[in-house]
Amino acid sequence: MKQFLSFVKKEARHILRDRRTMLILFGMPVVLMLLFGFAITTDVRNVRTVVVTSQRSPQTQQAVDRLAASAYFTIVATVATPKDAELLIRSQKADMALVFAPRHSGVQFIVDGADPNMAQQWTNYAQQTLATAHPLPQTTRLLYNPQMKSAYNFVPAIMGMLLMLICAMMTSISIVREKERGTMEVLLVSPVRPLMVVIAKAVPYLMLALCILATILLMARYVLGVPLAGSLWWMVLVSVIYIMLALSLGLLISNVAQTQLVALLLSAMVLLMPVVMLSGMMFPVESMPQILQWIAAIVPPRYYIDAMRKLMIMGVGIGEVAKEVTILSLMTALLLTIALKKFKTRLE
Amino acid sequence: MTLKYLIQKEFLQIRRNSFLPKLIVVFPIVIMCVMPWVMSMEVKNIRVDVVDVDHTVESQRVIQQIMASNYFVFGSQKATYEEAMKDIEKGQADVILEIRDGKYLIAANAVNGTKGAIGSAYLTQVLASPTVSEGASTLFLYNKSQNYKFYMIPALLAIVMMLMTGFLPTLNIVGEKEAGTIEQINVTPVSKWAFILAKLIPYWLIAIFVVTVCLLLAWGIYGITSAGSLVWVYVLAMLLALFFSSFGLIVSNYSETMQQAIFVMWFFVVCIMLLSGLFTPTRSMPEWAYMSTYINPMHYFIDAIRTVFIRGGGFTAIVHQLLALTAIGLFMGCWAVVSYKKNS
């Protein structure tokens, strides 16, 4: 036990003495949270609008005023023909044009359709703004996130990404670095059991991951105002399962890789890319082709992010996330067994 | 002439590595084959639960229409709103439509704000369709088929360039430091300029290769070609490569270990990418975040390449971005040379 503890201490020193990496490790969650919380939004704001009209009538003036008064649109220019408007849109001086046809009463929107979702939203907003007030037969209620803040969606995703990155990438690199420098040999001929060496390597990273988890949760709650609607204990428990999973993945990578470069690239390409792309963090899984959905089904962070979204934001009980948690636990058990079985106690 | 030998050395170093040549060739291909399918933020297959209290002809018509629409997947009919809420909590439904006394209540799961908003907007359109919306028509320019792949391929180009010409140089000098081979260069009469230039040029060539592969695949697989002139696509890509390769070397120069270098690089790259308008429109950002786009080369690149590739703009449309990219690229290039120290 004493041996084990001194190994943990050695490993912790390794981490703590690398100031720059430490700074990045704690700086990254903070910056990412701030960016996603405040800067990265898909709200409709400041849509640069061109008015196309040959002569201004009181009626067109009223429509333009209504648009200009809303927070969503800014009128940047008034031109005579749709062609001029198109030119402005093409050179990125404007996003949409509002065309008043000279003869008939209707209006036409010319929208920069490069980004389909935003184009759709701009037209929706513009139509709603211009629609003459008549009561619609329906009401819309946006559940859980009435202000449509993107932070609600991204905070669980950032947790999934960062925990994976820190645990898997850092453990694999630190083990491979010892191999590369030749110090692994020293460790393996010491009286400590080889398995203990590896577990001792994982423990400090587990602690680090828990600290980062706490940082993220505190920031989410007090800086971004994201609700922690569900039970905190379940959140932590699910996170610990996930961290174990990431650590076993790190171990597996360190078995395969011989150099730091390969370990880095493997964790970046095999872990990070799928995590960002296929976990439903940014891009909805259900819009992908079937084959990608199958691949996405074996990406562990997907279940973690889903579970955390439900627990944190929607505040459901553990019963509703039972499926995700079971899958995560099974994956963890499987990966951990493989990683420990495969662990080589001899150097090639 | 030393430059020629140095470049030859760099290429040999890349080629003799068992992993890098494969990575350089395979990575862009895989990305281009898979990612356009992934990176669609298209909102479709929204699962709708209907709570029909009325059971009228009108409510039946609405349900039929939801079933027919390809945006929606009809989940199930529920007797009460609470039952439908259970489905939302389990993640088996995205939107609830309650029909009571001829009035509609749309409740959308808005944890993902865009999906919630667009989903309920589509549903509103379905409900309103018999009464034609009054005299307003919409014309979508450039991306007429509302194809997300067309929008995302220029962004993918940027991402591939960033990973290839950004991360490989980051690992380069620091790798030599760790291997100890940098000592051998430091004791030769090779000048700083020649040394750094020799490190940069291979990555520019790799960049040309990568861009060509990406454009060919976009054309071959998705039938998507640039609306504007290809010359500007290449010019922009080269300017971005100049920035990223210099930036990678700068990080490499200041780092002692690969791990450190990669984390620092990753940190900056994530910030640059998220604030560039690659995924989300920059105009939606708050003022302080928008200010940062003035020094963000990726923002200029994305703006310009989308103007050229999607909107078919020419030189006059992107002159501002070209100038900004050149200035930033040259500045970073000089910094890369200055930050390299021959005496350790």
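Because the structure is a prediction, the values reported are computed rather than measured. Letters A, B, ... mirror the listed sequences (proteins, then strands); counts begin at 1.
When each of Lys86(B), Glu89(B), Arg306(B) is checked for heavy-atom pairs under 4.5 Å with chain A, Glu89(B) comes out on top. When the candidates Asn109(B), Thr307(B), Ile318(B) are compared by the number of heavy-atom contacts under 4.5 Å with chain A, Asn109(B) comes out ahead. Chain A forms more heavy-atom pairs under 4.5 Å with one residue of Glu256(B), Met85(B), Met285(B) than with any other, namely Met285(B). Among the candidates Ile31(B), Thr257(B), Leu274(B), the residue making the largest number of heavy-atom pairs closer than 4.5 Å to chain A is Leu274(B). With respect to chain B, the highest number of heavy-atom pairs below 4.5 Å among Arg309(A), Lys93(A), Met170(A), Lys323(A) belongs to Met170(A). Between chain A and the options Gly277(B), Ala110(B), Ser255(B), Ala289(B), heavy-atom pairs under 4.5 Å are most frequent for Ala110(B).
With contacts defined as side-chain heavy-atom distances shorter than 4.5 Å, the pair Val270(B)/Val31(A) does not qualify. Side-chain contact between Trp37(B) and Ile291(A) is absent, with no heavy atoms from C-beta onward closer than 4.5 Å.
Looking at Asp306(A), there are no atoms closer than 4.5 Å to chain B (heavy atoms on both sides), in backbone or side chain. Heavy-atom distances place no part of Ser292(B) under 4.5 Å from chain A, backbone and side chain included. Using a 4.5 Å cut-off between heavy atoms, Tyr254(B) contacts chain A through both its backbone and its side chain. At a 4.5 Å heavy-atom cutoff, Val30(B) makes no contact with chain A through either its backbone or its side chain. Within the 4.5 angstrom heavy-atom criterion, atoms from both the backbone and the side chain of Ile89(A) approach chain B. Using a 4.5 Å cut-off between heavy atoms, Glu324(A) does not touch chain B at all. Looking at Met161(A), the atoms closer than 4.5 Å to chain B (heavy atoms on both sides) all sit in the side chain, from C-beta outward. With a threshold of 4.5 angstrom between heavy atoms, Met96(A) does not approach chain B through any atom at all. Ile46(B) does not touch chain A: none of its heavy atoms, backbone or side chain, sits under 4.5 Å away. Contact of Ile310(B) with chain A is made through the side chain alone, with heavy-atom distances under 4.5 Å. There is no contact between Phe309(B) and chain A, counting heavy-atom distances below 4.5 Å.
Atom CG of Leu34(A) sits about 6.5 Å away from atom CH2 of Trp288(B), to the nearest 0.5 Å. With rounding to the nearest 0.5 angstrom, the CG atom of Asn46(A) is 9.0 Å from the OH atom of Tyr290(B). In this structure, CG in Leu292(A) is found 8.0 Å from CE in Met35(B), a value given to the nearest 0.5 Å.
Taking each heavy atom of Ile88(B) and Met314(A) in turn, the nearest pair found is O-CE, 3.2 Å.
Residues forming a salt bridge (charged side-chain N to carboxylate O under 4.0 Å, His left out) with Arg47(B) (at least two apart in sequence, or on another chain): Asp94(B).
By the neighbour-count criterion of 12 heavy atoms within 6.0 Å, atom CD of Glu287(B) is sparsely surrounded, having that number or fewer from other residues, nucleotides or ligands. With a 6.0 Å radius and a threshold of 12 heavy atoms from other residues, nucleotides or ligands, Phe27(B) has its CZ atom above the threshold. When the shell of 6.0 Å around CZ of Phe268(B) is examined, it contains 12 or fewer heavy atoms from other residues, nucleotides or ligands. Residue Met291(B) qualifies as open at atom CE: its count of foreign heavy atoms under 6.0 Å is 12 or below.
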